[in-house]
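So that the names make sense, note that chain A is the first sequence line, chain B the second, and so on, each numbered from 1. Below, all heavy atoms of this structure are taken into account, side chains as well, without hydrogens, waters or symmetry copies.
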Number of protein chains: 2
Amino acid sequence: MPNDVGHEIADALGTLLKRSTREQIHRRLTEGLGEAVDEVTYPVLSGLARTGPRSAAGLADEIGLDRSGVTRRATRLEEAGLLSREPDPGDRRATLLTLTEAGRQAIETTRQRLAAHIEDSLAAWPPGEARAFARQLHRFVDHGPFTS
Amino acid sequence: MPNDVGHEIADALGTLLKRSTREQIHRRLTEGLGEAVDEVTYPVLSGLARTGPRSAAGLADEIGLDRSGVTRRATRLEEAGLLSREPDPGDRRATLLTLTEAGRQAIETTRQRLAAHIEDSLAAWPPGEARAFARQLHRFVDHGPFTS
DNA sequence: GCATATTGCGTGCCCCGCGCACGCTAATCT
DNA sequence: AGATTAGCGTGCGCGGGGCACGCAATATGC
């Protein structure tokens, strides 16, 4: 085997996914935000924060989930006061999912906390190396494998 | 914000996990290996291949799953002929989970396929850069955040 | 040496996430 | 105007996963 870069990356991604799917990341990051924001409802908030008010179907496409799942999670978040359903002014059958101020604050807090957590653990790295790694990771995710 | 490396990495990891948890990776990699090797049973095979014959409790600890889950997955894999339960010679109550030759071949095939897939998509990178990225990713996973 | 505690497995039970399908309303097409 | 399509919400069944129990085998205490 002349080049085992693929194996190296595969192993690293494997252990990384193994830890993340155990929801340890989200659990650690969302603690103190209220019980409504768990690793299940997080993608809904995150997607909304990224694209602004949006319909359930659009979010479902982006998250890669069934529309019913988005509906249920939205209901839960709505009861928690982090999300509100507002009628689409242009289409009266559609309901736009919109973050409330509390929702925006919650997602922003988690984002800041996650970034700080990552930067803390990267403090020992040479600063230029950390920056290069971030850029390469970004490229890997955008143009790498699994960009189905 | 003087340094947004954390945000960059967080975003990249977010999209990466979003794609992977949708089991798209495992589904793509395990197709053609028989129905028994799905994204659920894969960690059992992978863990066994890494550490050799092992008890269910040990595997459960490593995977981060309940022991009952390991038992059920092992049963499924055993029925598929990829795994065998052999009594521990030193402890007659324990049963060592052991990969059969078919199991070893299956896990090896998926590993090769995954590595090839990754290397293909990294073919356009400067070779030194890809290697450096692999090493940094490895370090990130080992000594980075989330090393609970 | 025997009774008790501990360890390792397997299994039944329950919860919950998720996809599917149905019904309903509103918008669009002919 | 009637038919078709798009957007939602909800009931249902399936399957993964944790918890607890029972059983067998080993280790420990008296």
Side-chain angles (χ1 to χ4, degrees), chain A residues 17-24 26-27 30 35-48 51 53-80 83-98, chain B residues 17-24 26-27 30 35-48 51 53-80 83-98:
Chain A
L17 297 189
K18 185 175 59 184
R19 289 190 193 127
S20 65
T21 51
R22 287 290 93 215
E23 87 215 11
Q24 305 202 12
H26 286 300
R27 172 164 306 182
T30 56
E35 296 298 328
V37 186
D38 51 0
E39 80 280 357
V40 178
T41 52
Y42 185 83
V44 176
L45 261 66
S46 175
L48 277 179
T51 67
R54 207 168 172 185
S55 72
L59 258 179
D61 283 344
E62 182 187 348
I63 301 179
L65 199 69
D66 194 83
R67 202 172 31 77
S68 60
V70 177
T71 295
R72 277 186 273 264
R73 299 175 187 198
T75 304
R76 207 187 305 177
L77 289 171
E78 188 182 21
E79 293 171 350
L83 181 148
S84 70
R85 300 177 198 259
E86 297 182 357
D88 189 333
D91 191 340
R92 280 200 308 171
R93 62 192 162 165
T95 65
L96 290 178
L97 305 177
T98 312
Chain B
L17 297 189
K18 184 175 59 183
R19 291 191 193 124
S20 63
T21 51
R22 287 291 93 214
E23 84 216 12
Q24 306 203 10
H26 286 300
R27 172 163 307 181
T30 56
E35 295 299 327
V37 186
D38 53 359
E39 80 281 357
V40 177
T41 52
Y42 184 85
V44 176
L45 260 67
S46 174
L48 276 179
T51 68
R54 206 167 174 187
S55 71
L59 257 179
D61 282 345
E62 183 187 348
I63 301 181
L65 200 68
D66 194 83
R67 200 172 31 77
S68 60
V70 177
T71 295
R72 276 186 271 263
R73 300 175 187 199
T75 305
R76 207 187 307 178
L77 289 171
E78 190 181 21
E79 293 171 350
L83 182 147
S84 71
R85 299 175 199 260
E86 298 182 357
D88 189 332
D91 190 340
R92 282 199 306 172
R93 60 191 164 168
T95 65
L96 289 179
L97 304 177
T98 312

I'd like to compare against my own output: the B/S/- annotation of nucleotides 21-30 of chain C with a strict under-4.0 Å heavy-atom distance to protein. -----BS---
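- Smallest separation of non-hydrogen atoms from A/Leu65 and A/Val70: CD2-N, 4.2 Å.
- Between the CZ atom of A/Arg54 and the P atom of D/dA6 there is a distance of 18 Å, rounded to whole Å.
- At whole-Å resolution of the value, CG in B/Leu77 and P in D/dG16 are 12 Å apart.
- B/Glu78 has its CD atom 10 Å from the P atom of C/dT11, to the nearest Å.
- Rounded to whole Å, the distance from CG on A/Leu96 to C1' on D/dA6 is 15 Å.
- Under 4.0 angstrom from either OP1 or OP2 of C/dG17 there lies at least one side-chain N or O belonging to A/Arg76.
- Residue B/Arg76 is tested with B/Leu83, B/Asp38, B/Thr71, B/Val44 for a side chain to side chain contact (heavy atoms under 4.5 Å, CB included); the sole match is B/Asp38.
- With hydrogens and angles ignored, a donor-acceptor pair under 3.5 angstrom links the side chain of A/Arg72 to the base of C/dG19.
- Closest approach of A/Pro43 to A/Val40, counting heavy atoms only: CD-O, 3.2 Å.
- Which of C/dG17, C/dG10, D/dG9 sits closest to the side chain of B/Arg85 comes down to C/dG10.
- Distances shown here put every side-chain N or O of A/Thr71 at or beyond 4.0 Å from the OP1 or OP2 atom of D/dC8.
- In this structure, A/Glu86 has no side-chain hydrogen bond (donor to acceptor under 3.5 Å, both in side chains) partners at least two apart in sequence or on a different chain.
- Within the structure, every side-chain polar atom (N or O) of A/Thr95 is placed at least 4.0 Å from both OP1 and OP2 of D/dG7.
- Of the residues listed (B/Leu97, B/Thr98, B/Leu96), the one engaging B/Leu48 in a side chain to side chain contact (heavy atoms under 4.5 Å, CB included) is B/Leu97, and it is the only one.
- Within 6.0 Å of the CZ atom in A/Arg85, the count of heavy atoms belonging to other residues, nucleotides or ligands exceeds 12.
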